[in-house]
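Since we're looking at a predicted model, the values are computed, not measured. When a residue number appears, it is its place in the shown sequence, counting from 1. Note that these values count all heavy atoms, side chains included, but never hydrogens, waters or copies made by symmetry. Every number for a ligand or one of its atoms is a count from 1 in the order of the listing.
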Amino acid sequence: MDQSGSSTSNLFSLQSHILAEESLHPGASGDFSWIISAISLAGKAIAHRVRRARLENALGDEGSTNVQGESQQRMDLIANDILMRCLGTRASIAVLASEEDEEPTILRRGNEGGKYCVLFDPLDGSSTLDTNGAVGTIFTILRNDHLIESAERTVCQPGRKQIAAGYILYGPSTAFVITTGSGVDLFELDPFIGSFILVKRGMRIPQAKRIYSVNEAYSASFPQGYQEYLKWAHANQYSSRYIGSLCADVHRILINGGVFLYPPTTSHPDGKLRLLYEANPMAMILEQAGGMSLSGSTPTLDVQPKKLHERVPLVLGSSDEVKAVMRHLT
Ligand code: AHG
Ligand code: MN
Ligand code: MN
């Protein structure tokens with residue numbers, strides 16, 4: 001097994017991999033596998049539209065703003081619609097929630113079934129799409145509690161309760177990264193056969209790597225400790241990489257190591273990234289790969305969400321590098 005997990009020689013698709021995992025859970029109903037297959041289908045459809053966005057004149061602003069007060073890109077809404085249409089057909093889903101929709105979508109209530117809630121950022125980093133930057137879809141799966149009346153309260157579960165999390169990165173290749181709580185696996189889309197093929201099992205993030213990833217333009221408004229950390233990193237031969245697309249920055253860190261920071265800023269005093277469908281999925285992936293993720297001094301996965309779209313500060317990556325940041329914050 002090399003540093004970032006074992007390469008595989010057999011041809012395993014995402015579908016066969018999930019079914020093999022399901023067989024490890026006697027009595028599994030297959031509902032969960034159906035959800036992953038719906039996300040996989042949506043990922044292939046979004047990958048296709050992302051690659052044709054300029055040809056189809058689908059770039060740029062839609063002219064609307066989402067609940068976050070951010071201008072929506074046309075592709076944000078196209079990706080959101082694809083995910084809704086793929087996931088809406090799965091009888092095992094009670095609630096869907098998206099970065100692009102103010103309220104959760106209730107598909108089934110109480111005794112109508114629906115064991116799971118699926119939350120997603122349909123297109124992360126979409127502002128880089130105009131310049132052909134890598135963008136992604138981030139998703140997380142939670143158990144539904146049908147005794148809780150409010151859909152928002154149902155999905156406001158700490159990240160530790162996620163039963164699966166992952167992202168699909170639309171870059172030079174289309175990568176599908178997923179964890180169901182027993183390690184992180186990497187699949188790559190083979191467009192000729194239309195399947196995500198398993199390429200790495202049990203990915204492990206390097207323990208240390210002198211690369212930090214932060215939008216330094218805002219550093220004057222970071223709390224003092226973060227500024228102290230950056231001064232220390234500059235004095236200790238760190239290099240910097242920042243794409244401005246969380247999926248792309250996290251994927252690089254998962255493979256090469258390093259640390260990503262989005263501290264509190266003047267315009268985002270609680271941090272910019274959304275806890276439920278950006279920070280938590282990435283935190284689960286990083287912890288499962290042997291890394292760390294903190295929001296302030298609390299492990300991200302232990303933060304108790306109060307609102308669907310709440311934001312948190314985020315420091316995640318190689319454990320030695322996250323600890324180096326924390327040494328300057330306390
Ligand atoms: P989204 O495109 O879903 O709104 O997410 C953008 C996020 C995240 O992808 C990235 O890490 C961060 O915004 C970049 O923020 P800045 O442009 O403020 O650096
Ligand atoms: Mn995002
Ligand atoms: Mn988004």
Side-chain angles (χ1 to χ4, degrees), residues 42-43 46 49-50 53 58-62 64-84 96-102 118-140 165-171 177 211-222 226 230 240-254 258-283 285-286 293 295 300 308-317:
I46 294 169
R49 298 299 299 272
V50 159
L59 292 175
D61 279 6
E62 176 68 13
S64 51
T65 52
N66 62 17
V67 63
Q68 335 267 347
E70 293 162 347
S71 73
Q72 290 177 306
Q73 305 286 309
R74 281 198 197 97
M75 278 307 302
D76 282 328
L77 299 180
I78 290 169
N80 199 49
D81 179 56
I82 289 170
L83 279 154
M84 287 294 182
L96 292 174
S98 166
E99 173 189 84
E100 299 307 331
D101 298 330
E102 182 159 8
V118 182
L119 292 72
F120 49 84
D121 174 357
L123 208 60
D124 172 71
S126 51
S127 58
T128 68
L129 205 48
D130 289 13
T131 55
N132 212 11
V135 292
T137 296
I138 309 172
F139 63 89
T140 177
Y167 59 83
I168 305 163
L169 180 61
Y170 313 106
V177 171
I211 299 181
Y212 67 81
S213 182
V214 70
N215 188 334
E216 285 202 73
Y218 308 140
S219 57
S221 71
F222 293 166
Y226 292 96
L230 289 174
S240 164
R241 290 281 181 281
Y242 190 72
I243 299 170
S245 168
L246 181 66
C247 281
D249 282 318
V250 166
H251 197 62
R252 182 194 60 252
I253 288 169
L254 179 61
V259 63
F260 174 90
L261 307 89
Y262 207 109
T265 63
T266 316
S267 51
H268 291 107
D270 296 326
K272 176 182 181 185
L273 298 170
R274 278 61 52 135
L275 172 60
L276 281 173
Y277 44 79
E278 289 178 314
N280 272 344
M282 294 312 195
I285 289 166
L286 264 301
S293 178
S295 293
T300 305
L308 171 56
H309 298 294
E310 78 182 65
R311 300 170 190 263
V312 286
L314 194 56
V315 177
L316 57 75

Original post:
Side chains of N66 and E100: do they bring a donor and an acceptor to under 3.5 Å?
Top reply: yes
Subject >> side chain to side chain contact (heavy atoms under 4.5 Å, CB included) between L230 and F222, intermediate numbers included >> reply: CA-CA 10 Å; L230 289 174; F222 293 166; 4.0 Å; yes
Original post:
Can T265 and S221 be counted as having a side-chain donor-acceptor contact under 3.5 angstrom?
Top reply: no
**OP:** May I have the step-by-step check of side chain to side chain contact (heavy atoms under 4.5 Å, CB included) for L123 and V50, ending in yes or no?
**Re:** CA-CA 10 Å; L123 208 60; V50 159; 4.2 Å; yes
Original post:
If waters are left out, how many protein N/O/S atoms lie within less than 2.8 Å of the Mn ion (ligand 2)?
Top reply: 3
**OP:** List in chain and number order the residues that pass side-chain contact (heavy atoms from CB on, under 4.5 Å) with I211, two or more places apart in sequence or in another chain; answer none if no residue qualifies.
**Re:** K209, S239, R241
Original post:
With hydrogens left out, which residues have an atom under 4.0 Å from ligand 1, given that only heavy atoms count?
Top reply: E70, E99, D121, L123, D124, G125, S126, N215, Y218, Y242, G244, S245, L246, F260, Y262, K272, L273, R274, E278
Under 3.5 Å, sequence neighbours excluded: what are the donor-acceptor pairs made by side chains of residues 132-140?
residue: T137; atom: OG1; partner: P122; partner atom: O; Å: 2.7
residue: T137; atom: OG1; partner: Y170; partner atom: OH; Å: 2.8
residue: T140; atom: OG1; partner: Q162; partner atom: OE1; Å: 2.7

Original post:
What class does the angle between the rings of Y277 and H309 fall in, given that below 30° is parallel, 30 to 60° is tilted and above 60° is perpendicular?
Top reply: perpendicular
**OP:** Would you please test V177 and L169 for side chain to side chain contact (heavy atoms under 4.5 Å, CB included) and show each step?
**Re:** CA-CA 8 Å; V177 171; L169 180 61; over 6 Å; no
Subject >> Polar contact flag, side-chain donor to acceptor under 3.5 angstrom, D61-Q73 >> reply: yes
